[in-house]
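First listed ligand is number 1; within each ligand, the first listed atom is number 1.
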Amino acid sequence: MNNKTFLIGNWKMNHGIAATTEYCQQLAELSTGLKKTELKIAPPFLSIASATSVAKESQLQIGVQNVHWAENGAYTGEISCGMALEAGATFALIGHSERRQYFGENDHDVLRRTRAAMETDLLPVVCIGETLEEREAGKTDTVLRTQLEGLFTYLSSDEAPSKPLILAYEPVWAIGTGKVPTLEDITDTHRGIIEYWKSFNSTAPCPPILYGGSVSPDNFGEISKIEEVAGALVGGASLVYEKFSKLAEIAEG
Ligand code: 13P
């Protein structure tokens, strides 16, 4: 793993304002003792403001789970990058498989959201991953390359601001199922993404790639040792302090 480890909790549709405030106090305290781990959480939109106010004096960073590409307008149910920044968010999850699966987001939307985030100061965390069916058909690499093509074209063009971006490889079949790819599979897939990046840009390093999908204190020790894994995007285990703090301890090494 790199010098800096990203540990990002995606709370999905869990934890309202009261629960967020209480839990963030613990996480804010935890974050102040961390030396090499960037601890971040993405609560539901309604809880962002309380999370950022609790996290203000700490190292804990707060992000949103989605962001629209327009600055404002008639987009019911969406929020803009400017609104997220105003509420104190520093990053945005983009293209999570649940957004793709249940809300019909496609690679073009993901690219538009990513561009909007990069054009402001939100760090995009762009999620990619194959379904079980695609994996069983031997299409994992093709699927990931299709998801990444527009993004990598943009990032390696003059249009893209030179700002950081994070990728998260989350096999859809591993999310919330307790099933995790083998360490070899994770290594190969991350290497494949890096190789693909090199075909677009042979000089700049590939953005950091997180692994996500049933990450737990039981498996993160081994996963975090993989050199090509820059950290984890965590769902279920990020909802409970005992588990998430254990992951932070592992990330610290
Ligand atoms: P789980 O860790 O619950 O499998 O969720 C992963 C995920 O979707 C994080 O974005």
Side-chain angles (χ1 to χ4, degrees), residues 5-15 19-20 23 27 37-45 47-48 51 61-67 84 89-103 105 109-110 113-114 117 122-132 134-135 140 143-144 147-148 165-183 185-186 189-190 193 207-224 226 229-251:
T5 304
F6 299 96
L7 185 60
I8 307 184
N10 173 11
W11 288 3
K12 309 190 179 184
M13 200 171 73
N14 295 290
H15 292 335
T20 298
Y23 187 12
L27 291 179
T37 307
E38 283 207 15
L39 194 67
K40 303 179 194 286
I41 50 156
F45 290 143
S47 304
I48 298 290
Q61 304 225 344
I62 312 299
V64 289
Q65 296 175 14
N66 188 22
V67 89
T90 58
F91 73 95
L93 302 182
I94 295 176
H96 191 280
S97 65
E98 285 149 17
R99 299 291 321 164
R100 296 175 189 258
Q101 231 181 330
Y102 306 134
F103 303 99
E105 276 189 26
D109 300 330
V110 171
R113 294 183 199 278
T114 306
L122 273 184
L123 167 73
V125 179
V126 181
C127 307
I128 54 168
E130 81 288 358
T131 63
L132 185 59
E134 290 162 342
R135 184 179 193 84
T140 300
V143 168
L144 298 184
Q147 291 174 341
L148 289 169
L165 173 140
I166 295 177
L167 295 171
Y169 168 56
E170 299 201 303
V172 179
W173 53 273
I175 294 176
T177 58
K179 291 184 193 145
V180 179
T182 63
L183 298 174
D185 279 346
I186 297 174
T189 307
H190 282 225
I193 295 168
I209 311 168
L210 314 184
Y211 169 77
S214 294
V215 169
S216 75
D218 294 336
N219 57 33
F220 189 50
E222 291 302 313
I223 294 172
S224 67
I226 301 174
V229 170
L233 180 56
V234 188
S238 74
L239 295 174
V240 187
Y241 182 77
E242 287 65 31
K243 290 186 183 169
F244 203 39
S245 57
K246 184 78 195 152
L247 293 179
E249 200 180 294
I250 295 169

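Just one of Ile166, Val125, Val126, Leu165 meets the side-chain contact (heavy atoms from CB on, under 4.5 Å) condition when paired with Pro207; it is Leu165.
Across all non-hydrogen atoms, the minimal contact from Phe91 to Ile62 is CE2-C, 3.5 Å. The two residues Asn14 and Trp11 come nearest to each other via the heavy atoms ND2-O, 2.9 Å. For the pair Ser224 and Ile250, the tightest heavy-atom approach, listed with the atom from each and the gap, is OG-CG2, 3.9 Å.
Within the 4.0 Å heavy-atom criterion, the part of Asn10 lying near ligand 1 is the side chain and not the backbone.
Protein heavy atom closest to atom 2 (O) of ligand 1, with residue, atom name and distance, is Gly235 N, 2.9 Å. Atom 9 (C) of ligand 1 has as its closest protein heavy atom Glu170 OE2, 2.9 Å.
Interface of Gly236 with ligand 1, defined as ligand atoms under 4.0 Å from a residue heavy atom, comprises 1 (P), 2 (O), 3 (O). Of all the atoms in ligand 1, the ones that sit under 4.0 Å from a non-hydrogen atom of Leu233 are 9 (C), 10 (O).
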Evaluate side chain to side chain contact (heavy atoms under 4.5 Å, CB included) for Leu93 paired with Arg99, printing each intermediate quantity in order. CA-CA 10 Å; Leu93 302 182; Arg99 299 291 321 164; over 6 Å; no
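Within a 6.0 Å sphere centred on NZ of Lys243, heavy atoms belonging to other residues, nucleotides or ligands number 12 at most.
Heavy-atom distances between Gly213 and ligand 1 reach below 4.0 Å in at least one pair. Judged by the shortest distance from any of its heavy atoms, Ser214 lies inside the 4.0 Å radius around the atoms of ligand 1.
Taking only nitrogen or oxygen atoms, main chain and side chain alike, Gly176 reaches within less than 3.5 Å of ligand 1.
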